[in-house]
**Student:** 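Just dropping this structure here.
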Amino acid sequence: VTTTADLDQQRFIEVLGRLGRMAVEDYYNPYRTFDWPDSLPVDRLWMPRELLSIHNTPVAAELSEQQIIQLSIWESLNFYSLNVHGIRELLTEVVARVHMPGFEIPSEFLHHFIGEENEHMWFFAEFCRRYGRKLYFFPQIKTASPGNREVEHFLVFARILVFEEIVDHYNHSMAEDASLHDTIRQINRIHHRDESRHIAFGHELVSLLYSPLESRLNQEELNKISAYLRDYVDYCLRWFYSLDAYYDAGIADPAAFRARLIAEPGRRAAEQIVARKPLAFLRKIGVFDDGNGHDR
Amino acid sequence: MMGTDMTGKEALKNDTRLAEIEQWLVERSGSVQDQQLTTIDPDYDLVDSGLIDSLRLVEFAFFLSRLTGRRPDLAELRLGQFRTLRLIGEYFLGDLA
């Protein structure tokens, strides 16, 4: 039997027990939970200004209020589509591991995880279909082939955690924003509540999966892992500069618009806020340097 | 070219956009490989070398869309289309585009 790491740790077992009980207590029927109005108002923002890709750039002052509202509508469609495809991808990985030797201890919690993520995927897709009449497409990515199962397991769950924490920043901000429509706030609030359990689980599991790698792998191998995860963080952040959203919002020359926004220096500060939590966590467990070794 | 019929391959060879694509890849080679490349052979394997992987594929497709003015169809992206500069030229700049 190949064990992924020593998951038989008292603290992990206790956390799993607590999170599992919370999952049972918080359980809801998503198909009856949401109010789905026929339409959402198109004369107000669907996403807070500080979450838009134009935030902290001169472009924000160059667009009319109507253009910014349109952008907020299509960037929020991009965000929910990103959730749908991101969840689809992480579910594939978790389903592959739920009864894999080595994952016996988190197996029960992974069942809660799979069930909840499937429901999240449904309500985000429902939002897109109802109010955007479409889902944007996001291609599947492959983990860099490290040829090492333990590295692969670590990277899969680290990627899931990075994705969830970045998304959660948006969920939390939108759930708290009283100026947004109730339906928008509701799906973000509910997702944020469920994700807080998944993120707590992810912190524990990813730490346990990384610990043996840190002592077993050489520096070059560890550098490859950190480089891959840095690339992955960048990859996630780039999705918020959605070419599809720029097209649908009626932006002139969407490709040039996107390139300009990415090049805007003010966006680095905005991205740091979005990715602050996963970056801090990866530094804390030693994947990223604490010092000046990396730019993130 | 005045008075001369240029074949598709010749036109591709002279397409300055191919040089821009090469430059884009050269600039990123330092973070992927041990040594920063200065040029890239048209048949150099961009996928096996790690210059293009599933994380970079989409950004590269967006870069190509700026060069060609065409909206990328992400559902149709395949790593195999990006294996060499020559293939990229044929798929995205040449007759196959």
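As the structure is a computational prediction, the values presented were derived from the model and not from experiment. Throughout, protein chains are lettered first and strands after them, A, B, ... in sequence-line order, and every chain is numbered starting at 1.
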**Student:** For B/Arg56, enumerate each residue passing the salt bridge (Lys or Arg N to Asp or Glu O under 4.0 Å) test, keeping only those at least two apart in sequence or located in another chain.
**Tutor:**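 In terms of salt bridge (Lys or Arg N to Asp or Glu O under 4.0 Å), with neighbours along the sequence ignored, B/Arg56 is linked to A/Asp231, B/Asp53.
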
**Student:** Measure distances from A/Tyr232 to the heavy atoms of chain B and classify the residue's part below 4.5 Å as side chain, backbone, both or neither.
**Tutor:**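 For A/Tyr232, the contact with chain B is made by backbone and side chain together.
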
**Student:** Who are the side chain to side chain contact (heavy atoms under 4.5 Å, CB included) partners of B/Pro42, not counting sequence neighbours?
**Tutor:**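 With neighbours one apart ignored, the set is B/Arg86.
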
**Student:** Do A/Arg216 and A/Glu150 meet the salt-bridge criterion of a basic N to acidic O distance under 4.0 Å?
**Tutor:**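 Between A/Arg216 and A/Glu150 there is a salt bridge, with a charged N closer than 4.0 Å to a carboxylate O.
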
**Student:** List in chain and number order the residues that pass side chain to side chain contact (heavy atoms under 4.5 Å, CB included) with A/Thr92, two or more places apart in sequence or in another chain; answer none if no residue qualifies.
**Tutor:**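 Result, side chain to side chain contact (heavy atoms under 4.5 Å, CB included) vs A/Thr92: none returned.
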
**Student:** Any chance you could lay out the ring-ring contact (aromatic ring centres under 6.0 Å, His included) test for B/Tyr91 and B/Phe82, step after step, and finish with the verdict?
**Tutor:** CA-CA 9 Å; B/Tyr91 269 116; B/Phe82 300 85; 8.0 Å; no

**Student:** Among the options B/Leu74, B/Leu57, B/Leu77, pick out the one with the most heavy-atom pairs lying under 4.5 Å from chain A.
**Tutor:**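 Ranked by heavy-atom pairs under 4.5 Å with chain A, first place is B/Leu74.
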
**Student:** Counting a contact as any heavy-atom pair under 4.5 Å apart, which residues of residues 250-257 of chain A contact chain B?
**Tutor:**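 Listed by number, the contacting residues are A/Ala255, A/Ala256.
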
**Student:** Who wins among A/Lys224, A/Gln140, A/Arg238, A/Arg258 for the most heavy-atom pairs under 4.5 Å with chain B?
**Tutor:**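 Counting heavy-atom pairs under 4.5 Å, the top option is A/Arg258.
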
**Student:** Is it the case that B/Glu20 and B/Trp24 place a side-chain donor and acceptor less than 3.5 Å from each other?
**Tutor:**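 Short answer, no.
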
**Student:** Just wondering, more than 12 heavy atoms not from A/Arg130 lying within 6.0 Å of its CZ?
**Tutor:**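 More than 12 heavy atoms, drawn from other residues, nucleotides or ligands, come within 6.0 Å of this atom.
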
